[in-house]
Amino acid sequence: MAEFDERTTLVNSIEEGNEIQDGKEISIDEALENAGCGFGTIAYTVGSFLCDAQVGSQMIVLALLSPILRCEWDLSPFSISLLNIANYVPYLLSALGTATLGDKYGRKPVALIGAAGITVVGVGCGFAKEYWHLLLLRIVKGLFMGVVVGPVLVFSGEIPPRKYRALAMSGMSPGHGVGVAITGGIAYWVLGKYHWSGLMIIATLIFS
């Protein structure tokens with residue numbers, strides 16, 4: 001009877017989101033504190049950094065390519081403006097609309113789907129032959145960016161132990177500036193050797 005009661009307590013504890021350690025019930029947060037800062041914490045922090053770097057990269061890449069695209073496709077200032085915001089309006093709407101997907105299906109699968117979508121569609125942008133193709137692809141890419149941002153932000157606040165949590169969450173922020181700096185830095189070399197599409201593809205792959 002005692003063994004049955006012990007197993008029942010263990011099952012109920014796991015279902016409630018807790019663990020049993022040395023006969024004592026502890027919370028998931030306490031288990032993370034005991035685990036310390038391991039490979040998983042570092043990997044999630046780096047992933048968060050790269051996610052924000054990708055956003056920064058996409059912001060600067062169109063700023064660099066706008067004059068080239070305007071001349072090559074004879075675009076109006078309004079058309080160029082649409083290309084520049086095509087990532088960010090869908091990004092906002094998608095981030096708000098898909099925020100609970102990580103809770104329902106798991107944060108890691110949702111983040112991986114979003115990251116894969118960003119990579120595939122971002123590379124596809126480099127093969128766009130017409131303005132409307134590029135505009136549509138950037139809208140879809142913005143949707144995937146919104147999908148990935150929720151789980152990544154939650155990872156930064158959930159996975160690290162409490163004493164490293166602020167560092168992990170603030171570790172995302174420099175990624176934006178790094179993405180801008182690296183993309184701007186390689187643009188001179190890439191545009192000198194390849195078509196504008198080369199910069200689109202390389203900027204996507206660097207931070208994927």
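Sequence positions, counted from 1, serve as the residue numbers for this chain. The structure presented is a predicted model; accordingly, all values stated were derived computationally and were not measured.
In this structure, the separation between CG on Leu65 and CG on Asn84 is 9.5 Å, given to the nearest 0.5 Å. Between the CD1 atom in Ile206 and the OG atom in Ser57 there is a gap of 7.0 Å [rounded to 0.5 Å]. With values rounded to the nearest 0.5 angstrom, Trp73 atom CH2 is found 11.5 Å from Trp132 atom CH2. Summarising the geometry, atom CG belonging to Leu135 is positioned 6.0 Å from atom CG belonging to Leu82; distances are rounded to the nearest 0.5 Å. Note that OG1 of Thr183 is 11.5 Å distant from CE of Met200, once rounded to the nearest 0.5 Å. Separating the CD1 atom in Ile182 from the CD1 atom in Ile202 is a distance of 13.0 Å, to the nearest 0.5 Å.
Among all heavy-atom pairs drawn from Gly198 and Val190, the shortest one is C-CG1, 3.8 Å. Contact record, Leu64 with Ile68: O-CD1, 4.5 Å, taken as the closest heavy-atom pair. The nearest pair of heavy atoms linking Ala128 to His133 is CB-CB, 4.1 Å. Scanning both residues, Phe207 and Ala53, for their nearest heavy atoms gives CD2-CB, 3.6 Å. Among all heavy-atom pairs drawn from Val148 and Ala111, the shortest one is CG2-O, 3.3 Å. The two residues Gly114 and Phe144 come nearest to each other via the heavy atoms O-CB, 3.7 Å.
Thr98 contributes a side-chain N or O that, together with a main-chain N or O of Ser94, makes up a donor-acceptor pair within less than 3.5 Å. The backbone N or O of Arg70 lies less than 3.5 Å from no partner atom in the side chain of Asp74, so there is not a single donor-acceptor pair. Not a single donor-acceptor pair under 3.5 Å links the side chain of Tyr131 to the backbone N or O of Leu75. Put simply, the side chain of Gln58 never gets that close to the backbone of Asn87: no donor and acceptor are under 3.5 Å apart.
Counting only heavy atoms from C-beta outward, the side chains of Gln54 and Lys141 approach each other to under 4.5 Å. Using a 4.5 Å cut-off on side-chain heavy atoms (C-beta onward), Ile186 and Leu199 make contact. Counting only heavy atoms from C-beta outward, the side chains of Leu62 and Ile80 never approach each other to under 4.5 Å.
Side-chain heavy atoms closer than 4.5 Å link hydrophobic residues (I, L, V, M, F, W, Y) into clusters, and following such links, possibly through other members, connects Leu50 to Val149. Following chains of ILVMFWY side-chain contacts shorter than 4.5 Å, one can reach Leu191 starting from Ile60, so the two form part of one hydrophobic cluster. In this structure, Ile113 is not a member of the same hydrophobic cluster as Leu93, with clusters built from ILVMFWY side-chain heavy atoms closer than 4.5 Å. Both Tyr91 and Ile85 are assigned to one and the same hydrophobic cluster, defined by single-linkage of ILVMFWY side chains at heavy-atom distances under 4.5 Å. Follow the hydrophobic side-chain contacts under 4.5 Å out from Ile139 and you never reach Leu96; the two are in separate clusters.
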Evaluate the side-chain hydrogen bond (donor to acceptor under 3.5 Å, both in side chains) criterion for residues Glu72 and Trp196: first the C-alpha distance (whole Å), next the side-chain angles of each, then the deciding distance (0.1 Å), finally the verdict. CA-CA 10 Å; Glu72 185 169 321; Trp196 61 262; 3.3 Å; yes
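In the hydrophobic clustering (ILVMFWY side chains linked at under 4.5 Å, chained through shared members), Val123 is joined by Phe127, Ile201, Leu205.
A search for side chain to side chain donor-acceptor pair (under 3.5 Å) contacts involving Thr119 returns Ser208, not counting sequence neighbours.
When each of Leu134, Leu136, Val61 is tested with Cys125 by the rule side chain to side chain contact (heavy atoms under 4.5 Å, CB included), just one qualifies, namely Leu134.
A salt bridge between Asp103 and Arg107 is present, with a side-chain N of the basic residue lying under 4.0 Å from a carboxylate O of the acidic one.
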